[in-house]
Amino acid sequence: MSVSIKSERELGLMREAGRILAITHDEMEKALKPGVSTWEIDRLGEEIIRGYGCIPSFKNYRGYPASICISVNNEVVHGIPSKKRILKEGDIVSLDAGVIYKGYHSDAARTHGVGRISSEASQLIQVTKECFFEGIKYAKTGNHLNDISSAIQAYAESFGYGVVRDLVGHGIGSHLHEDPEVPNFATKRKGIKLRPGMTLAVEPMINAGQYSVKWLDDDWTVITEDGSLSAHYENTILITEEGPEILSKV
Ligand code: MF3
Ligand code: CO
């Protein structure tokens with residue numbers, strides 16, 4: 001397994017990819033309203049990304065048929081946008097998007113509520129975001145990958161939530177998925193030692209109920225096995241001597 005160290009030139013491109021991705025997320029969030037279809041959100045996201053001269057990295061990735069992954073309520077990740085999927089008040093929607101700028105990737109996900117949502121749903125969204133920030137407290141030179149992973153798990157489980165085991169975060173750079181895998185749960189091995197210039201997509205996927213998931217017949221959409229709500233929060237980060245730098249931000 002080889003984990004690449006990015007040069008300043010590469011990091012400049014990844015910062016620009018991340019900036020454009022963050023803008024795309026902000027615009028998609030504004031468009032989330034009752035009555036809007038997930039297909040419309042996908043169209044909007046792709047238009048913005050291409051408007052900046054970038055490529056939506058998920059499109060056709062291993063045959064994925066859209067640009068944005070849009071997962072509603074009990075859907076965990078990789079929901080396929082559809083004209084028939086109309087958002088309604090109270091839904092929670094995870095938007096996951098990737099941008100390629102001059103050959104370099106950024107990957108980020110956010111979960112939002114549509115109109116007024118239950119307090120249970122809003123706590124899940126909030127805690128999932130906090131899981132990311134708890135994890136990256138440990139994203140600094142000399143720590144090990146498992147320091148990030150175990151912090152995420154401990155925080156999520158302190159709320160009684162289930163941490164998805166079947167999907168993980170990943171290294172990222174000139175490819176969407178690079179080494180290493182970045183689990184959101186503790187592993188027996190302490191994992192690689194973190195070094196400056198490593199870039200990671202850290203992406204907690206947290207279920208309100210049990211951690212187990214299953215795949216729908218479309219072979220993409222992942223849903224919670226117990227039907228509980230699920231949330232996703234992801235950023236592309238850079239390891240530095242001082243700590244993490246979030247690249248997927250404006
Ligand atoms: N954020 C997801 C990941 O890191 C997005 C990949 S979805 C796909 O795996 F459509 F591109 F496959
Ligand atoms: Co990712």
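Counting starts at 1 for both ligands and their atoms, following the listed order.
The closest side-chain donor-acceptor pair between Thr236 and Asp107, if any, does not fall under 3.5 angstrom. In this model, no donor atom of one side chain and acceptor atom of the other lie less than 3.5 Å apart for Lys59 and Ser57.
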Apply side chain to side chain contact (heavy atoms under 4.5 Å, CB included) to the pair Thr224 and Asn74, showing each step before the final yes or no. CA-CA 6 Å; Thr224 58; Asn74 62 317; 3.7 Å; yes
Show your working on side chain to side chain contact (heavy atoms under 4.5 Å, CB included) between Tyr211 and Tyr161 and close with a plain yes or no. CA-CA 8 Å; Tyr211 67 73; Tyr161 293 150; over 6 Å; no
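Shortest distance from the Co ion (ligand 2) to Glu234 is reached at OE2 (N/O/S atoms only). Within Asp107, the N, O or S atom lying nearest to the Co ion (ligand 2) carries the name OD2. Nearest N, O or S atom of Glu203 to the Co ion (ligand 2): atom OE2.
With respect to atom 5 (C) of ligand 1, the closest heavy atom belonging to the protein is Phe58 CZ, 3.2 Å. The protein heavy-atom contact nearest to atom 9 (O) of ligand 1 is His177 NE2, 2.8 Å. Nearest non-hydrogen protein atom to atom 2 (C) of ligand 1 is Asp96 OD2, 3.2 Å.
Short contacts between ligand 1 and His170, defined as distances under 4.0 Å to a heavy atom of the residue, involve ligand atoms 3 (C), 4 (O). Set against the non-hydrogen atoms of Trp220, the atoms of ligand 1 under 4.0 Å away are 10 (F), 12 (F). Less than 4.0 angstrom separates some heavy atom of Cys69 from each of these atoms of ligand 1: 7 (S), 10 (F).
A salt bridge is absent between Glu234 and Arg110: the closest approach of a Lys/Arg side-chain nitrogen to an acidic carboxylate oxygen does not fall below 4.0 angstrom. Looking at Lys140 and Glu241, no side-chain N of the basic residue comes within less than 4.0 Å of a carboxylate O on the acidic one, giving no salt bridge. Looking at Arg85 and Glu75, a side-chain N of the basic residue comes within less than 4.0 Å of a carboxylate O on the acidic one, giving a salt bridge. Of the charged side-chain nitrogens involved, none lies within less than 4.0 Å of a carboxylate oxygen, so that Arg43 and Glu40 do not count as a salt-bridged pair.
Here His177 fails the criterion, with no N, O or S atom under 2.8 Å of the Co ion (ligand 2). Among the atoms of Asp96, no N, O or S atom falls under 2.8 Å of the Co ion (ligand 2).
Comparing heavy-atom distances from atom 7 (S) of ligand 1 across His78, His232, Glu234 singles out His78 as nearest.
The aromatic ring centroids of Tyr61 and His177 lie less than 6.0 Å from each other.
In terms of N/O distances under 3.5 Å, ligand 1 is not approached by Tyr61. The shortest N or O to N or O distance between Tyr64 and ligand 1 is not below 3.5 Å.
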